[in-house]
Novice: 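After the structure tokens below, expect a handful of questions from me.
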Amino acid sequence: MKGARRGEHLYNMLPAFSVVIPCFNEAARIGETVRATLDYLSAKSPDAELIVINDGSTDATPTIVREALSSAKLQTRLLENFPNRGKGAAVRTGLLAATKPIGLFFDADLSTPLSEIPKVIEPIASGDVDLAFGSRALDRKLIGIRQPWRREQAGRVFNLIVRLATGLPYWDTQCGFKAFRLDVFRPILEAAQTDGFGFDVELLYLGRKAHLRMKEIPVRWNHYEGSKVNVARDSVRMLREVAALRGRSL
């Protein structure tokens, strides 16, 4: 039995990868998120690294992150974007600083549970894809706590517009759970220009133009209060970013 358990443990291990967590005024939950992530990586990928990007927070976020990272037994860094530049800029900063072959970013609220990480890491590690990204749209039965109706409908409309405007064949570009083969994706990260919430669309769009292998994967997801997305304001901004992306590609 001991041998079986040891073999099962090794089988469930993940290769080395870099986790990137962007955060802006996340003092209420970033400490718990960092500690949970460190525990997960220590158990599943001891050679992984954790990079947290403080995107110009005005609360205690950086202090809490430093405290949470202080006892880490794996490679960690806290990077600072100041002043606030936007989620896209924060994610790019983290992924470009990554030292492992695979980079994964996810949101500070852990809306996609850490247990879903193998779904996007393993297809890249096996050489099947260059970008694997979580989707709430492919299997809505995996959604536990749903978003408020208005926010969910706004997301569906936005993704429909994205499909029409860019030709991307994906149903959920905005789920904050994406993994990259960094050796082929680094030039795209360096070329990307979108700093706001529309950056996901740009990365997928540029990746498709570069003929990279990309896969949308259904993941479990829960809505948590405290989202930094304002439906009215940020939907308009994201549409402007998509329009600018389309304009740059013409």
Side-chain angles (χ1 to χ4, degrees), residues 12-24 26 30-55 61-62 65-66 68-81 85-134 175-192 195 199-200 202-204 206-207 212-215 217 219:
N12 290 330
M13 295 295 281
L14 294 171
F17 62 101
S18 299
V19 170
V20 170
I21 305 177
C23 54
F24 172 65
E26 292 284 0
I30 191 62
E32 182 178 351
T33 292
V34 169
R35 287 187 289 271
T37 302
L38 289 172
D39 288 346
Y40 180 89
L41 295 178
S42 295
K44 297 295 185 180
S45 180
D47 293 326
E49 70 174 336
L50 173 59
I51 303 173
V52 181
I53 303 90
N54 173 40
D55 190 26
T61 291
V65 171
R66 290 188 190 96
L69 294 178
S70 63
S71 59
K73 293 181 173 58
L74 45 85
Q75 185 176 337
T76 65
R77 273 179 289 172
L78 170 63
L79 304 180
E80 301 275 358
N81 274 1
R85 293 177 54 197
K87 184 179 177 182
V91 169
R92 287 201 307 274
T93 295
L95 290 174
L96 288 172
T99 63
K100 305 302 179 181
I102 300 171
L104 164 69
F105 82 83
F106 53 75
D107 294 334
D109 62 3
L110 293 182
S111 51
T112 299
L114 294 168
S115 58
E116 299 292 88
I117 286 177
K119 288 185 177 181
V120 293
I121 294 297
E122 290 175 347
I124 296 177
S126 65
D128 294 333
V129 298
D130 302 309
L131 189 160
F133 58 103
C175 181
F177 197 75
K178 293 180 172 66
F180 308 81
R181 185 186 306 280
L182 289 175
D183 60 346
V184 298
F185 223 87
R186 192 171 298 274
I188 289 173
L189 293 166
E190 292 170 343
D195 287 344
F199 80 100
D200 301 78
E202 182 177 33
L203 295 183
L204 294 173
L206 294 178
L212 299 185
R213 299 165 300 164
M214 305 191 295
K215 185 175 183 180
I217 297 171
V219 293

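The first residue in the sequence is number 1, and the count goes up from there. Since the model is a prediction, treat every value here as computed from it, not as a measurement.
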Novice: Tell me, do Thr33 and Glu26 make a side-chain contact under 4.5 Å, heavy atoms counted?
Specialist: no

Novice: Minimum heavy-atom separation for Cys23 to Ile30, with atom names?
Specialist: CB-CD1, 4.2 Å

Novice: Determine whether a donor-acceptor pair (N or O, by modelled atom type, separation under 3.5 Å) exists between the side chain of Lys100 and the backbone of Asp47.
Specialist: yes

Novice: Test side chain to side chain contact (heavy atoms under 4.5 Å, CB included) on Ile188 and Leu212 and set out the steps.
Specialist: CA-CA 11 Å; Ile188 289 173; Leu212 299 185; 3.5 Å; yes

Novice: Are the side chain of Thr76 and the backbone N or O of Leu50 linked by a donor-acceptor pair below 3.5 Å?
Specialist: no

Novice: To the nearest 0.5 Å, what is the distance between CD1 (Ile102) and OG (Ser18)?
Specialist: 9.5 Å

Novice: Applying salt bridge (Lys or Arg N to Asp or Glu O under 4.0 Å) between Arg92 and each of Asp200, Asp55, Asp195, report the one that passes.
Specialist: Asp195

Novice: Might you work through the side chain to side chain contact (heavy atoms under 4.5 Å, CB included) test for Lys178 and Val91, ending with a clear yes or no?
Specialist: CA-CA 11 Å; Lys178 293 180 172 66; Val91 169; over 6 Å; no

Novice: Taking the side chain as C-beta and beyond, is there a heavy-atom pair between Phe17 and Ile117 under 4.5 Å?
Specialist: yes

Novice: Between OG1 of Thr37 and CD1 of Ile21, what distance do you get to the nearest 0.5 Å?
Specialist: 4.0 Å

Novice: Name all residues meeting the side chain to side chain donor-acceptor pair (under 3.5 Å) criterion together with Asp39; count only those two or more places apart in sequence or in a different chain, and write none if there are none.
Specialist: none

Novice: Thr61 versus Phe24: any side-chain heavy-atom pair under 4.5 Å?
Specialist: no

Novice: Go through the structure and list residues passing salt bridge (Lys or Arg N to Asp or Glu O under 4.0 Å) with Asp130, not counting sequence neighbours.
Specialist: Arg181, Arg213

Novice: Salt bridge (Lys or Arg N to Asp or Glu O under 4.0 Å) for Asp107 and Lys87? Distances and angles first, verdict last.
Specialist: CA-CA 10 Å; Asp107 294 334; Lys87 184 179 177 182; 2.6 Å; yes

Novice: About how many Å separate CZ of Phe180 and CD1 of Ile121, when rounded to the nearest 0.5 Å?
Specialist: 10.5 Å

Novice: So for atom CD, which belongs to Glu32, do other residues, nucleotides or ligands contribute more than 12 heavy atoms lying within a distance under 6.0 Å?
Specialist: no

Novice: Once you round to the nearest 0.5 Å, how far does CG of Leu203 lie from CG of Leu189?
Specialist: 6.0 Å

Novice: For side chain to side chain contact (heavy atoms under 4.5 Å, CB included), just list the numbers for Val19 and Tyr40, CA-CA rounded to whole Å, side-chain angles, deciding distance to a tenth of an Å, and then say yes or no.
Specialist: CA-CA 11 Å; Val19 170; Tyr40 180 89; over 6 Å; no

Novice: Check for a donor-acceptor pair, side chain of Ser45 on one end and backbone N or O of Leu41 on the other, with a separation under 3.5 Å.
Specialist: no

Novice: Assess the residue pair Gln75 and Thr99 against the criterion (side chain to side chain contact (heavy atoms under 4.5 Å, CB included)); give the C-alpha distance rounded to whole Å, side-chain angles, the decisive distance to 0.1 Å, and a yes or no.
Specialist: CA-CA 10 Å; Gln75 185 176 337; Thr99 63; 3.5 Å; yes

Novice: Give me the atom names and distance for the closest heavy-atom approach of Ala108 to Pro22.
Specialist: CB-O, 4.0 Å

Novice: For the residue pair Phe185 and Leu95, establish whether any side-chain heavy-atom pair is separated by less than 4.5 Å.
Specialist: no

Novice: As an exercise, state the distance from CD1 of Ile217 to SG of Cys175, rounded to the nearest 0.5 Å.
Specialist: 11.0 Å

Novice: For residues Ser126 and Pro123, report the shortest heavy-atom separation together with the two atoms involved.
Specialist: OG-O, 3.1 Å

Novice: Are any of the side-chain heavy atoms of Ser70 and Arg66 separated by less than 4.5 Å?
Specialist: no

Novice: Take the angle between the ring planes of Phe105 and Phe199 and call it parallel below 30°, perpendicular above 60°, tilted in between.
Specialist: tilted

Novice: So do the side chains of Glu122 and Leu14 get within less than 4.5 Å of each other, counting heavy atoms only?
Specialist: yes

Novice: Which pair of heavy atoms, one from Ala36 and one from Leu110, lies closest together, and at what distance?
Specialist: CB-CD1, 4.4 Å

Novice: What heavy-atom pair brings Leu38 and Ala68 nearest, and what distance separates the two atoms?
Specialist: CD1-O, 3.6 Å

Novice: Considering only heavy atoms from C-beta outward, does the side chain of Leu74 approach that of Pro46 to under 4.5 Å?
Specialist: no

